[in-house]
Amino acid sequence: MEPLYKPQGVEERWQRTWEEEGLYGAEPGSGRETFVIAHPPPNVTGALHTGHALQISLADVLVRWHRMRGFETAFLTGYDHAGISTQNAVEKHLVEQGTSREAVGRERFVEIVWDWLRQYGGTIMGQFRRLGASMDYRRERFTMDDAYIRAVMRFFVHLYGKGWIYRANRIINWCPHHQTSLSDLELVHEEVDDALTHVRYPFSDDPEDGVTIATARPATILADVAVAVNPGDERWRGAVGREVVIPFVERTVPVIEDERVDPDFGTGALKVTPGHDPLDFELGRDHQLPELTVIGPDGRMNEAAGELAGLSQEEAEERVLAWIKERGLLVKREAYRHSIALCERCKSRIEPLISLQWWCRMDELKQPALAALKEGRVRYHPESQHRYAIDSLENAPDWNISRQIWWGHQLPVWECPDGHLTVEETEPGTCAECGSAGLTRSEDVLDTWFSSALWPFAILGWPEQTAELEAWCPGTLNTTAREIIRLWENRMIFSGLELMGEVPFRHVIIHTTVLAADGRRMSKSLGTGLDPLELIDRHGADATRYGLLKLSSSQDVRFSEGAIEEGRKLANKLWNVSRLILANVGEAKPEQRPQALEERWIAWRLDQAQAQLGEHFGAFDFSPAMSALYHVTFDDFCDWYAEAIKPRLYGGDEDAQATALANLERLLKLLHPAMPHVTEEIWSNLPGRETRLIVAPWPEPLGAAAEAAEFEPIRTAAEVFRRAGVRPTLDEEQQRIFDAVVKPDRAKVDGGNVEAEVERLRGEIQRAEQMLANERFVQNAPGEVVEAEREKLERYRRELDALAS
RNA sequence: GGGCGUGUAGCUCAGCGGGAGAGCGCCCGCUUCACACGCGGGAGGUCCCUGGUUCAAUCCCAGGCACGCCCACCA
């Protein structure tokens, strides 16, 4: 064995072995307690990023821990068809080949997508494997599998049957590039430098006077149908009820009043354009105003724009402004910085357009989910995210679920020549209403999140009553990033409750967002992304897992490679202490024979570490769990225990050898969930080892807690061993130095300088005496606090006496 | 405009009513027989500011300053 641990090669070998030996596999119905994670399906065209890597590390450490603890673990995975992303990728590919989506037509395009996915898709699962994710890859599912499609159709028809899915003409977010509607959640907002134009709209009966409005989009003036002011706005009191003339189109429209107009913005007068602005749309509906549209789905001026038809909005704006200026109606034009909505994928400016779309009503659908959240039947961690999730759900607006793209779940909606709609899971022969034939299917597809909402149970076979569904639903937990709460987590919860009367999982871990080292968001387009595969290549999967878990926290953290390096060092340290033990155990078999002080001490420390690990994993606190592993390995196991037993190992003391092997086994087990590869590799080198560590039973505590009384008051390893005179590998001078060390403790004992320790103890005694002399403290503090203080005082006095003698 | 959160050692972060900590970095000394991805020693901090509560505050409360994220229809 080389002194330097090299993960390359070792890790791939174990990943292959574990999978080939079926150790990742899960089978329902073992009767054992279950631990189930339906891992978020990555985009089928996606590549591993740091968020995935963290998410997998979190989930896998819990999965492996539970597997060792004897749970029936199902770590399930698969792909999302990712409608818009995938369509984009394939369209780009077509353009490179000199053709286009439109040229090949819908049917052929969908075939091409499938071919393309077979060729280029699905690479990410190999990357999951490279991290050591112990998923049941045999059960991989895809959101476009036949069975999955049936589940999605069932869901739609069910909601439609309850009257919770409906079609309506409303203003929606339109992406001119993708030529589809988008939900609010698929937008990003960006600040831009723009201009705010103040224009006077003359009164029809007094062209010299009028109402001055302010607009950032003069091109939409053509679609104005009213001017609105706030009812409390004195400035415009006289204008209400009169009519003004819209510039350029010279149409006469009323001046109305509405509470929603902000008197403090601009001039306090709002031009109302229901066709091209969400607020105006609502005003228009409430005041029964006409809805005019002058911008088309391509983002350019349409036929209704008359002589401006076909122009870009910028060109149209110039023409309108020129017209206004000529007639002296331009009051002013000022620099204006505001935020605009962009498509999150292509960054095109979102065009608010009126469009006939399908909607999912949320008011009733969300109620059981709200109740489940409030009652804690599903729990978000950390707690702050639980409150946010409830809040988001309470405020969830109706959901636009239709998209005008080609790749996705086509709506199960058929229209007959008379315009009647038939909604069924499979194609109906005739119209449900009039019985006529010749039905045509809706061209729209469903929002990808509509199908994702079924993930944790659709992959188990729902709506069929399968053994998997029976055994693994509700699952245990789901891990995800904060921004996915509304898009996915809440939707899975209400879907599960609606369709099965059951929550789909019990816990949701909202994990840290890992930012780039400079504090910016990791993003491919910013160039701040970080390739986890590169980290794995350089430091190993174990180190990468350890590092990401160490970084994870309750807040966002900046990436620092130091954390990964710490993991690499830990793997190396473990490797080397194993070499020490394996090279010096002779024929011994692992067995606990704790006799010497150092053996009783390390048993106690391993118990403590194991208990801490359980607490931290149980609370989903990964960073302190990693710290505990690091310190028990470096400080306790290597620095003190291994050093202390060296002479006995070398001297052929069989008790020491057998116990060392047993302790090493325990340490490997504790480390395995976080660092599976290096621990399995060492495990395979232990004498007479036939089973795999991945399925080895989690150790029973040695019950060494009873020993705690012996060690607890002494507080530090250094003191334990100083008193016992153990550290025999060192010569006298080194012994003196070592004796002076109190490494794992903050109390600094300079053994070569007794005065300093005496000084420290005197300080402690003085502080404790002061507190105990303080009547208010003694009277008001809880009894056990005062008692603890008394005990401390006595202990300090004893230690001082011992030191003095 | 709302909501949430963060300001602790040079860096990345723990701790959260009675001792100011970890890893990395830095300085000094060690080719010690598992490991220089190591061992030992050390320097380095008005725990953002100002008030308040408390016998006691980095920790609780109020205000301020500075950052970050999310939400929102300010044309």
Quick one: side chains of residues 254-270 of chain A, donor-acceptor pairs under 3.5 Å with protein atoms, not counting sequence neighbours, listed by atom name and distance.
{"residue": "A/Asp258", "atom": "OD1", "partner": "A/Arg260", "partner atom": "N", "Å": "2.8"}
{"residue": "A/Asp258", "atom": "OD1", "partner": "A/Arg260", "partner atom": "NE", "Å": "3.0"}
{"residue": "A/Asp258", "atom": "OD2", "partner": "A/Arg260", "partner atom": "NH2", "Å": "3.1"}
{"residue": "A/Asp258", "atom": "OD2", "partner": "A/His287", "partner atom": "NE2", "Å": "2.8"}
{"residue": "A/Arg260", "atom": "NH1", "partner": "A/Asp286", "partner atom": "OD2", "Å": "3.0"}
{"residue": "A/Arg260", "atom": "NH2", "partner": "A/Asp286", "partner atom": "OD2", "Å": "2.6"}
{"residue": "A/Asp262", "atom": "OD1", "partner": "A/Asp264", "partner atom": "N", "Å": "2.8"}
{"residue": "A/Thr267", "atom": "OG1", "partner": "A/Thr212", "partner atom": "O", "Å": "2.4"}
{"residue": "A/Thr267", "atom": "OG1", "partner": "A/Ala269", "partner atom": "N", "Å": "3.2"}

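Rounded to an integer number of Å, the gap from CD1 of A/Ile340 to P of B/rA75 is 11 Å. B/rC4 atom P lies 14 Å from atom CD1 of A/Ile390, rounded to whole Å. Atom pair A/Arg349:CZ and B/rA75:C1' shows a separation of 12 Å (rounding to whole Å applied). Following rounding to the nearest Å, A/Asn572 (CG) and B/rG38 (P) show an atom-to-atom distance of 7 Å. For the pair A/Asp639 CG and B/rG41 P, the interatomic distance rounds to 10 Å; values are reported in whole Å. When rounded to the nearest whole Å, the span between CG of A/Leu515 and C1' of B/rC67 equals 12 Å. If you take CD1 of A/Ile581 and C1' of B/rC35, they are 13 Å apart, rounded to a whole angstrom. To the nearest angstrom, C1' of B/rG38 lies 13 Å from CZ of A/Arg568.
B/rU6 and B/rC33: their P atoms are spaced 48 Å apart (whole Å). A gap of 41 Å separates the C1' atoms of B/rC37 and B/rC70, to the nearest Å. Spacing of C1' atoms, B/rC67 relative to B/rG21, comes out at 24 Å, to the nearest Å. Using atom C1' as the reference point in both B/rG44 and B/rC28, the two lie 15 Å apart (nearest Å). Comparing B/rA56 with B/rC24, their P atoms are spaced 39 Å from each other, to the whole Å. Straight-line distance between the C1' atoms of B/rG45 and B/rG15: roughly 15 Å, to the nearest whole Å. Of the P atoms belonging to B/rA62 and B/rA20, the separation is 27 Å, rounded to the nearest Å. Going from the P atom of B/rC16 to that of B/rC11 covers 23 Å, rounded to whole Å.
When both pairing distances are held under 3.5 Å, B/rU6 makes a Watson-Crick or G-U pair with B/rA66. B/rA22 is paired with B/rU12 under the Watson-Crick or G-U wobble criterion, all donor-acceptor distances under 3.5 Å. Look at B/rG40: its Watson-Crick or wobble partner, with both distances under 3.5 angstrom, is B/rC28. Across every strand in view, B/rU53 sits unpaired, with no contact that passes the Watson-Crick or G-U test at under 3.5 angstrom. Here B/rC73 sits opposite no nucleotide as a Watson-Crick or G-U wobble pair (both hydrogen-bonding atom distances under 3.5 Å).
Relative to the side chain of A/Thr215, the nucleotides B/rC37, B/rG38, B/rA75 differ in distance, and B/rA75 lies closest. Minimum atom distance to the side chain of A/Leu4 is reached by B/rC37, of the listed B/rG5, B/rC37, B/rA34. When each of B/rA34, B/rC39, B/rC24 is scored by its nearest atom to the side-chain atoms of A/Lys569, the top-ranked nucleotide is B/rC24. Here the nucleotide nearest the side chain of A/Val261, chosen from B/rA75, B/rA22, B/rC39, is B/rA75. Checking B/rA22, B/rC24, B/rC35 against the side-chain heavy atoms of A/Tyr630 singles out B/rC24 as nearest.
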Under 3.5 Å, which N/O atoms of the protein pair with N/O atoms of nucleotides 71-74 of chain B?
{"residue": "B/rC71", "atom": "OP1", "partner": "A/Arg486", "partner atom": "NH2", "Å": "3.1"}
{"residue": "B/rC74", "atom": "O2", "partner": "A/Asp262", "partner atom": "OD2", "Å": "2.4"}
{"residue": "B/rC74", "atom": "N3", "partner": "A/Asp262", "partner atom": "OD2", "Å": "3.0"}

Check: protein-nucleotides 12-17 of chain B nitrogen or oxygen pairs below 3.5 Å:
{"residue": "B/rU12", "atom": "OP1", "partner": "A/Arg558", "partner atom": "NH1", "Å": "3.4"}
{"residue": "B/rC13", "atom": "OP1", "partner": "A/Arg558", "partner atom": "N", "Å": "2.4"}
{"residue": "B/rA14", "atom": "OP1", "partner": "A/Ser553", "partner atom": "OG", "Å": "2.6"}
{"residue": "B/rA14", "atom": "OP1", "partner": "A/Gln555", "partner atom": "NE2", "Å": "3.1"}
{"residue": "B/rA14", "atom": "OP2", "partner": "A/Gln555", "partner atom": "NE2", "Å": "2.9"}

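By the 4.0 Å N-to-carboxylate-O rule, A/Glu643 lies close enough to A/Lys646 to be salt-bridged with it. For the pair A/Arg285 and A/Glu291, the salt-bridge criterion is met [side-chain N within less than 4.0 Å of a carboxylate O]. We find that A/Arg482 and A/Glu489 are not joined by a salt bridge, their nearest charged nitrogen and carboxylate oxygen being 4.0 Å or further apart. Contact check on A/Glu351 versus A/Arg217 returns a salt bridge, with a Lys/Arg side-chain nitrogen under 4.0 Å from an Asp/Glu carboxylate oxygen. Taking the charged nitrogens against the carboxylate oxygens, A/Arg333 and A/Glu317 do have a contact shorter than 4.0 Å, which makes a salt bridge.
Not a single donor-acceptor contact under 3.5 angstrom links the side-chain atoms of A/Glu566 to the base of B/rA22.
When the side-chain nitrogen and oxygen atoms of A/Lys573 are compared with OP1 and OP2 of B/rC39, one or more of them lie within a distance under 4.0 Å.
Looking only at distances, a side-chain donor or acceptor of A/Arg545 sits under 3.5 Å from a matching main-chain atom of A/Ala674. Here the side chain of A/His616 pairs no donor or acceptor atom with the backbone of A/Ala625 at under 3.5 angstrom. Within the 3.5 Å criterion, the main-chain N or O of A/Val229 finds no donor-acceptor partner in the side chain of A/Asp233. Remark: side-chain polar atoms of A/His276 are paired, donor with acceptor, to backbone N or O of A/Val294 under 3.5 angstrom. Of the possible donor and acceptor atoms, none in the side chain of A/Asp277 sits under 3.5 Å from a partner among the backbone N and O of A/Thr273.
By the 4.5 Å heavy-atom criterion applied to side chains, A/Tyr641 and A/Arg605 are not counted as neighbours.
Nearer to the 5' terminus of RNA chain B, by closest-nucleotide assignment, is the contact made by A/Arg387 (compared with the other of A/Arg387 and A/Leu580).
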